[in-house]
Amino acid sequence: MVRVGVVGATGYAGAELVRILAGHPRVTLSTLVSRQYADVPFDAVYPALTGLVDTACTSLSVEAVCETADLIFLALPHKVPMSIVPELMRQGKRVIDLSADFRFRNAAAYEAFYQPHTAPELLARAVYGLSEINRDAICGADLIGNPGCYPTSILLPLVPLAREKLIQASGIVADSKSGVSGAGRTAAVASMYCEITESFKAYKVADHRHNPEIDEVLGRAFQQQVHLTFVPHLVPMSRGMLSTVYATLADGVDTRQVADCLAAQYDASPFVRLLPEDRLPETRFVRGTNYCDIAFRIDADNRRLILVSAIDNLVKGAAGQAVQNMNLMLGWEETLGLDGLPFPV
């Protein structure tokens with residue numbers, strides 16, 4: 001058994017990690033860290049887990065975490081992980097960071113949308129944890145920058161097509177909708193019930209900090225600089241994410257080539273489901289799971305490829321993908337602890 005700690009255990013992504021890890025057959029959930037709920041049993045914070053996870057949360061001590069855990073998940077706000085990851089690495093710990101602090105190779109790209117990076121020497125060591133795309137690099141890695149939820153939903157359908165040059169690098173548009181849990185558990189007026197119920201809005205249009213993350217990964221796939229137009233939206237549901245991505249097909253590319261490319265990338269990937277021609281993804285069909293459902297259509301008159309993907313933003317978009325990455329890092333089946341059946345309704 002591997003001893004696992006979750007730092008930031010009582011936020012939405014942290015709580016989802018605890019839920020998944022509590023049922024994982026090869027880990028011991030040894031340490032739960034929460035600044036706000038130190039000394040409070042976890043199931044008092046999340047009563048759904050009453051009698052299942054009653055471990056008391058602790059305040060953050062890097063020394064204590066290193067003593068009690070072999071692998072550490074960081075579900076903390078951006079900027080905080082970079083202050084503690086260097087010491088965790090010096091102590092020989094494996095780390096999966098759910099913030100943006102170690103997602104970028106280019107420190108300047110990170111700093112343009114976040115803040116000065118205090119551990120840039122670790123960026124080259126970190127592996128971007130888009131599981132199905134970077135599987136080989138993740139295996140055996142000791143530091144993972146877990147992707148954001150929007151980038152996961154956008155990059156999984158796009159990257160294989162970009163690598164094979166089946167789509168043009170210019171003019172790509174991603175239109176994405178997220179449940180409110182993506183905003184985190186911290187109280188804010190914009191995510192209050194009366195502010196979001198019976199409403200639907202775009203936000204941070206052409207100015208969202210996930211845009212440079214998507215651009216960097218997509219640029220590596222195309223082997224050229226790329227800038228995608230990204231428009232996120234907030235929908236009045238607790239969890240779920242659906243992205244519709246528009247791209248121009250390369251000359252001569254047809255439906256069969258697109259389908260074959262996606263199948264070649266994902267037929268052996270247990271958590272990517274390529275839907276048949278008569279179905280499109282819906283958030284309710286991936287709720288609570290680590291699946292990403294993908295389908296596509298071609299607007300022949302405009303030579304436009306329309307890709308649709310759906311994920312649960314807290315699972316495949318955060319905690320589930322993090323556990324999938326842990327499984328790969330440790331040489332285990334990547335489905336361990338993640339193979340629960342979806343709810344049919």
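The structure displayed is predicted, hence computed values, not measured ones.
More than 12 heavy-atom neighbours from other residues, nucleotides or ligands sit within 6.0 angstrom of OH on Y203. In R3, the CZ atom is crowded: over 12 heavy atoms of neighbouring residues, nucleotides or ligands sit closer than 6.0 Å. By the neighbour-count criterion of 12 heavy atoms within 6.0 Å, atom CD of Q223 is sparsely surrounded, having that number or fewer from other residues, nucleotides or ligands. The local environment of CZ in F200 is crowded, with over 12 non-hydrogen atoms from other residues, nucleotides or ligands closer than 6.0 Å. Atom CD of E63 is surrounded by 12 or fewer heavy atoms from other residues, nucleotides or ligands within 6.0 Å. Under a cut-off of 6.0 angstrom, the local environment of CZ in R297 is crowded, with over 12 non-hydrogen atoms contributed by other residues, nucleotides or ligands. By the neighbour-count criterion of 12 heavy atoms within 6.0 Å, atom CD of Q168 is densely surrounded, having more than that number from other residues, nucleotides or ligands.
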Donor-acceptor list for residues 137-149 side chains, cut-off 3.5 Å, not counting sequence neighbours:
from, atom 1, to, atom 2, distance (Å)
D142, OD1, R125, NE, 3.3
D142, OD2, R125, NE, 3.3
D142, OD2, R125, NH2, 2.6
N146, OD1, N325, ND2, 2.9
N146, ND2, A318, O, 3.0

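Without hydrogens or angle criteria, H227 side chain to Q225 main chain gives no donor-acceptor distance under 3.5 Å. Remark: side-chain polar atoms of S269 are not paired, donor with acceptor, to backbone N or O of V272 under 3.5 angstrom. Between the side chain of D43 and the backbone N or O of G51, at least one donor-acceptor pair lies under 3.5 Å. Proximity of a side-chain donor or acceptor of N290 to a complementary backbone N or O of Q321 within less than 3.5 Å is detected. Distance alone, capped at 3.5 Å, is enough to place a donor-acceptor pair between the S30 side chain and the V4 backbone. The closest donor-acceptor contact from the side chain of E111 to the backbone of H117 lies under 3.5 Å. Judged purely by atom type and a 3.5 angstrom limit, S199 has no side-chain atom pairing as donor or acceptor with the backbone of I196. No donor-acceptor distance shorter than 3.5 angstrom exists from the side chain of R103 to the backbone of Y128, with no hydrogens or angles considered. For the pair K316 (side chain) and T152 (backbone), a donor-acceptor distance under 3.5 Å is absent. The closest donor-acceptor contact from the side chain of Q257 to the backbone of D254 lies under 3.5 Å.
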Checking L74 against I84 for the side chain to side chain contact (heavy atoms under 4.5 Å, CB included) test, could you report, in this order, the C-alpha distance in whole Å, the side-chain angles of both residues, the deciding distance, and whether it holds? CA-CA 10 Å; L74 302 178; I84 62 176; 3.9 Å; yes
Test side chain to side chain contact (heavy atoms under 4.5 Å, CB included) applied to L275 and E282, step by step: CA-CA 11 Å; L275 302 187; E282 297 184 33; over 6 Å; no
Could you check Q265 against E164 for side chain to side chain contact (heavy atoms under 4.5 Å, CB included), going step by step and ending with a plain yes or no? CA-CA 11 Å; Q265 177 71 47; E164 296 301 318; over 6 Å; no
Should L21 and F73 be marked as a side chain to side chain contact (heavy atoms under 4.5 Å, CB included) after you check the CA-CA gap, both sets of side-chain angles, and the distance that decides it? CA-CA 11 Å; L21 292 167; F73 293 92; 3.7 Å; yes
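Counting heavy atoms from C-beta outward, Y266 and C292 have side chains that stay 4.5 Å or more apart. Counting only heavy atoms from C-beta outward, the side chains of S309 and S243 approach each other to under 4.5 Å. Counting only heavy atoms from C-beta outward, the side chains of V315 and R239 approach each other to under 4.5 Å. Between F296 and T255 the shortest side-chain heavy-atom distance falls below 4.5 Å. Here the side chains of N327 and H24 are in contact, with some heavy-atom distance below 4.5 Å. Put simply, the side chain of R287 does not reach to within 4.5 Å of the side chain of M237, judged on heavy atoms. Proximity of L218 to L158: side-chain heavy atoms (C-beta onward) are separated by under 4.5 Å at one or more points. In this structure the side chain of S131 reaches within 4.5 angstrom of the side chain of L328, judged on heavy atoms.
For residues 214-231, the pairs satisfying salt bridge (charged side-chain N to carboxylate O under 4.0 Å, His left out) are E216-R220, with sequence neighbours left out.
Residues C57 and Y37 approach most closely at CB-O, 3.3 Å, considering heavy atoms. Minimum interatomic distance between V226 and G219 (heavy atoms only, all atoms of both residues): CG2-CA, 3.9 Å. The minimum heavy-atom distance linking L314 with A13 is given by the pair CD2-N, 4.3 Å. Across every non-hydrogen atom of S99 and L76, the tightest pair is CB-O, 3.5 Å.
One finds the OG1 atom of T50 at 10.5 Å from the CZ atom of F42 (value rounded to the nearest 0.5 Å). K93 NZ to L88 CG: the interatomic distance, rounded to the nearest 0.5 Å, is 9.0 Å. Between the CZ atom in R26 and the CE atom in M1 there is a gap of 10.0 Å [rounded to 0.5 Å]. Interatomic distance, CD of Q324 versus CZ of R135, reported as 7.0 Å (0.5 Å rounding). Taken to the nearest 0.5 Å, the CG atom of L71 stands 5.5 Å off from the CE atom of M329. Note that CG of L336 is 13.0 Å distant from CD1 of I20, once rounded to the nearest 0.5 Å.
For the residue pair Y110/D101, the side-chain donor-acceptor check at 3.5 Å is satisfied. Counted by atom type alone, Q36 and T10 present zero donor-acceptor pairs between their side chains at under 3.5 Å.
In this structure, H208 and Y150 have perpendicular ring planes: the angle between them is above 60°, well past the 30° mark.
No option in T28, T58, T31 other than T31 meets the side-chain hydrogen bond (donor to acceptor under 3.5 Å, both in side chains) test with T68. Exactly one residue among L156, I172, I154, L161 makes a side chain to side chain contact (heavy atoms under 4.5 Å, CB included) with L307. That residue is L161.
No salt bridge links E195 with K201; every basic N to acidic carboxylate O contact stays at or beyond 4.0 Å.
Taking the ring axis of Y291 as reference, the NZ or CZ atom of R273 stays within 45° of it and closer than 6.0 Å to the ring centre.
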